[in-house]
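Computation of the quantities below employed the complete heavy-atom set of this structure, encompassing side-chain atoms and omitting hydrogens, waters and symmetry-equivalent molecules. Counting begins at 1 with the first residue of the sequence. Since the structure is predicted, the reported quantities are computational estimates derived from the model, not experimental observations.
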Amino acid sequence: MTKTVVILGAGWAGLPLAHKLLKYTAVKVNLKVILISPNSHFFWNIAATRGLMPGEIPDSSMFFPITPGFSRYPAKSFNFILGSAESIDKEANSITVETNEGIKRVIAYDQLVIATGSRISSGLPLKPLGTHEKTLDAWHALQNRVKDAKTIIVGGGGRTGLEAAGELAARYGKLKEISIILSTAKPLGANQNINESVRDVLDNDLKKLGVKIIRDTKVQAAKKASDGNSWTIGLSNGNTLVADLYLPLLGIQVNTSFVPGDLLDASGNVKQERNLRVSETENIWALGDVGNTEPKELTVIDAQIVYLATALDAIMTGSGAVVDYQPANKTMLFLALGKKFATGQIGNWRLWGWMVSWVKGRKLFVDTADGYVGGEKLRHGSM
């Protein structure tokens with residue numbers, strides 16, 4: 001009898017999981033993997049903060065077609081559906097999907113993996129927005145706004161906001177005025193796990209790049225002019241700023257609107273048990289940003305993928321028990337502010353800036369994207 005694994009989401013978590021199951025488990029059991037996503041292309045958004053500037057990274061190195069990498073597997077073992085999940089029926093072991101053509105489909109599963117990821121809360125296209133066409137149109141529109149703007153304000157002192165401000169300043173120098181609004185005195189000040197020395201390096205590097213740092217304040221209101229050519233930003237300290245472009249990078253929202261409410265926590269995350277299984281279910285799993293086990297960071301994804309592929313293999317082949325997942329217990333930080341400035345932290349150790357620049361800052365791993373999307377390698381090891 002065919003065993004069906006349905007994976008919702010073809011991003012950083014769902015795509016490589018599908019490859020691993022098809023490569024290693026499908027040769028042991030009669031397996032069908034159904035991958036469902038509205039995106040026909042994988043968005044290499046780890047490079048988005050540099051790619052948002054026209055001419056820095058071509059579309060062909062940011063968006064990669066998904067289906068070619070699966071051509072190596074038997075057609076009967078894999079199906080890719082362009083669409084979005086609308087609901088889950090836990091009792092019937094089925095999901096309802098609306099395809100990109102607007103057709104409703106009910107799909108049965110033996111095992112279901114929720115790996116639908118997250119989006120930027122403000123709707124900026126530094127993460128997928130839906131279909132490839134929708135994301136690409138928004139991406140090009142943002143690139144044009146960046147090109148035309150003389151003054152740009154970045155809202156948010158998290159990892160994405162810091163990299164965006166650094167990349168913009170590194171590219172444009174004195175040609176554009178780049179500012180960043182921090183809710184704390186220093187970058188990443190709200191993260192208690194970050195070394196003070198790392199914050200100091202980030203602060204100094206931003207200043208060296210010419211970024212204007214607005215500290216200890218929050219954005220209270222941001223209004224776009226009717227002609228779309230400027231923003232007025234009200235701050236919690238009572239000041240008002242005006243800029244040609246405002247980039248609100250103030251957090252993410254998980255893509256879990258289709259998940260039954262009893263499976264979600266108060267923040268909309270999927271509730272997970274210690275083996276990444278969705279709480280109070282037997283055959284539903286959560287992977288990546290949607291779960292509530294680990295921080296929503298790309299650095300933890302590979303370990304989750306390897307773990308869940310092994311767990312599903314054990315279940316479907318009957319080869320052993322599923323052991324608990326061991327979450328990462330140390331800080332992993334790699335920040336590139338253009339190609340020259342960078343810093344990072346592993347555990348309690350601050351990394352040398354030149355090391356992070358060499359590993360990440362030069363190319364933002366764009367040179368590894370083909371292998372990742374094609375199912376050849378994870379970011380930190382073999383597929």
Practice task
Can you label the angle between the W44 ring and the F42 ring as parallel, tilted or perpendicular, going by 30° and 60°?
Solution key: tilted

Practice task
Please report the closest heavy-atom contact between G69 and Y73, naming both atoms and the distance.
Solution key: O-CE1, 3.9 Å

Handout entry: Side-chain donor or acceptor of T240 paired with backbone N/O of G234 under 3.5 Å
Key = no

Problem - Under 3.5 Å: donor-acceptor pair, side chain of R119, backbone of P128 - result: no

Practice task
Please check if the side chain of T343 supplies one atom and the backbone of L202 the other of a donor-acceptor pair under 3.5 Å.
Solution key: no

Handout entry: Atom pair CD1 (I88) and CG (N93), whose distance is rounded to the nearest 0.5 Å
Key = 11.0 Å

Fill in the blank from the handout: Between the CD1 atom in I95 and the OG atom in S87, the distance rounded to the nearest 0.5 Å is 8.5 Å

Practice task
Would you check if the side chain of T151 reaches a backbone N or O of D244 as a donor-acceptor pair within less than 3.5 Å?
Solution key: yes

Exercise for the section: Examine distances only and state if a side-chain atom of R199 and a backbone atom of A185 form a donor-acceptor pair shorter than 3.5 Å. Expected result: no

Handout entry: Check: N45 side chain, K127 main-chain N or O, donor-acceptor pair, under 3.5 Å
Key = no

Practice task
Check the side chains of T281 and K90 for a donor-acceptor pair under 3.5 angstrom, ignoring hydrogens and angles.
Solution key: no

Practice task
Would you please test D89 and S94 for side-chain hydrogen bond (donor to acceptor under 3.5 Å, both in side chains) and show each step?
Solution key: CA-CA 5 Å; D89 188 331; S94 67; 4.6 Å; no

Handout entry: side-chain hydrogen bond (donor to acceptor under 3.5 Å, both in side chains) between D289 and W12, intermediate numbers included
Key = CA-CA 10 Å; D289 281 4; W12 290 101; over 6 Å; no

Practice task
Examine L335 and I194 and state if one hydrophobic cluster contains both, with Ile, Leu, Val, Met, Phe, Trp and Tyr joined whenever side-chain heavy atoms are less than 4.5 Å apart.
Solution key: yes

Practice task
Enter the distance from L82:CG to E98:CD here, rounded to the nearest 0.5 Å.
Solution key: 13.0 Å

Handout entry: Donor-acceptor contact present, side-chain E163 to main-chain A336, <3.5 Å
Key = yes

Exercise for the section: Would you kindly confirm whether I34 and V29 end up in one hydrophobic cluster when ILVMFWY residues are joined by side chain heavy atoms under 4.5 Å apart? Expected result: no

Practice task
Determine the minimum heavy-atom distance between P187 and L206, stating which atoms define it.
Solution key: CG-CD1, 4.2 Å

Practice task
Check whether more than 12 heavy atoms from other residues, nucleotides or ligands sit under 6.0 Å from atom CZ of R105, and answer yes or no.
Solution key: no

Handout entry: Worked check of side-chain contact (heavy atoms from CB on, under 4.5 Å) between K176 and R171
Key = CA-CA 9 Å; K176 299 179 188 290; R171 162 72 183 273; over 6 Å; no

Handout entry: W349 side chain reached by N195 side chain, heavy atoms, under 4.5 Å
Key = no

Exercise for the section: May I ask you to say whether D203 pairs ionically with R215, meaning some side-chain N is under 4.0 Å from a carboxylate O? Expected result: yes

Exercise for the section: Report yes or no: does Q345 contribute a side-chain atom to a donor-acceptor pair with the main-chain N or O of N193 at less than 3.5 Å? Expected result: yes

Practice task
Kindly give the heavy-atom pair with the smallest separation between V211 and A169, and that separation in Å.
Solution key: CG2-CB, 3.5 Å

Handout entry: More than 12 heavy atoms from other groups under 6.0 Å of NZ on K339
Key = no

Exercise for the section: Could you tell me whether N348 atom CG has more than 12 heavy atoms of other residues or ligands within 6.0 Å of it? Expected result: no

Problem - Nearest-0.5 Å distance that lies between atom CG in L136 and atom CG in N39 - result: 11.0 Å

Practice task
Kindly check if the number of other-residue, nucleotide or ligand heavy atoms within 6.0 Å of CD (E86) is above 12?
Solution key: yes

Exercise for the section: Check the surroundings of atom NZ in K212: do more than 12 heavy atoms from other residues, nucleotides or ligands lie under 6.0 Å from it? Expected result: no

Practice task
On the 0 to 90° scale, with breaks at 30° and 60°, tag the H41-H132 ring pair as parallel, tilted or perpendicular.
Solution key: parallel

Handout entry: Heavy-atom side-chain contact between L142 and L126 under 4.5 Å
Key = yes

Problem - hydrophobic_cluster_shared for L112 and V278, side chain cutoff 4.5 Å - result: yes

Problem - K296 atom NZ: more than 12 heavy-atom contacts under 6.0 Å - result: yes

Problem - Test item: S118 side-chain N/O and V254 main-chain N/O as donor-acceptor pair under 3.5 Å - result: no

Problem - Heavy-atom closest pair, residues N255 and V290 - result: O-CG1, 4.3 Å

Practice task
Report yes if some heavy atom in the side chain of N283 is under 4.5 Å from a heavy atom in the side chain of D110; otherwise report no.
Solution key: no

Exercise for the section: Flag yes if more than 12 heavy atoms outside E282 fall under 6.0 Å of its CD atom; otherwise flag no. Expected result: no

Handout entry: Cluster link Y372 to I7, ILVMFWY, side chain under 4.5 Å
Key = yes

Problem - Same cluster (ILVMFWY, side-chain, under 4.5 Å), L333 and L182 - result: yes

Problem - Taking every non-hydrogen atom, the tightest pair across G320 and A314 - result: O-CB, 3.6 Å

Problem - Over 12 foreign heavy atoms within 6.0 Å of CZ, R274 - result: no

Problem - Euclidean distance, T135 OG1 relative to M62 CE, rounded to 0.5 Å - result: 11.0 Å

Exercise for the section: Report the C-alpha distance between L168 and V154 in whole Å, list the side-chain angles of each, state the deciding distance to 0.1 Å, and finish with yes or no for side-chain contact (heavy atoms from CB on, under 4.5 Å). Expected result: CA-CA 10 Å; L168 288 164; V154 177; 4.3 Å; yes

Handout entry: Under 3.5 Å: donor-acceptor pair, side chain of D313, backbone of A309
Key = no

Exercise for the section: Check whether the side chains of Q272 and Y325 place a donor and an acceptor atom closer than 3.5 Å, and report yes or no. Expected result: no

Practice task
Identify the heavy atoms of L263 and V259 that sit nearest to each other, and give their distance.
Solution key: CB-CG1, 3.8 Å

Exercise for the section: Please lay out, stage by stage, how D216 and N237 fare under the test side-chain contact (heavy atoms from CB on, under 4.5 Å). Expected result: CA-CA 8 Å; D216 290 316; N237 61 10; over 6 Å; no

Exercise for the section: Kindly determine whether K208 and K340 satisfy side-chain contact (heavy atoms from CB on, under 4.5 Å), including the steps that lead there. Expected result: CA-CA 11 Å; K208 289 176 184 177; K340 181 179 178 181; over 6 Å; no

Fill in the blank from the handout: Across all chains, not counting sequence neighbours, the ring-ring contact (aromatic ring centres under 6.0 Å, His included) partners of F78 are F70

Exercise for the section: Given salt bridge (Lys or Arg N to Asp or Glu O under 4.0 Å), test E196 with K186 step by step and report yes or no. Expected result: CA-CA 9 Å; E196 195 66 21; K186 293 181 181 179; 2.9 Å; yes

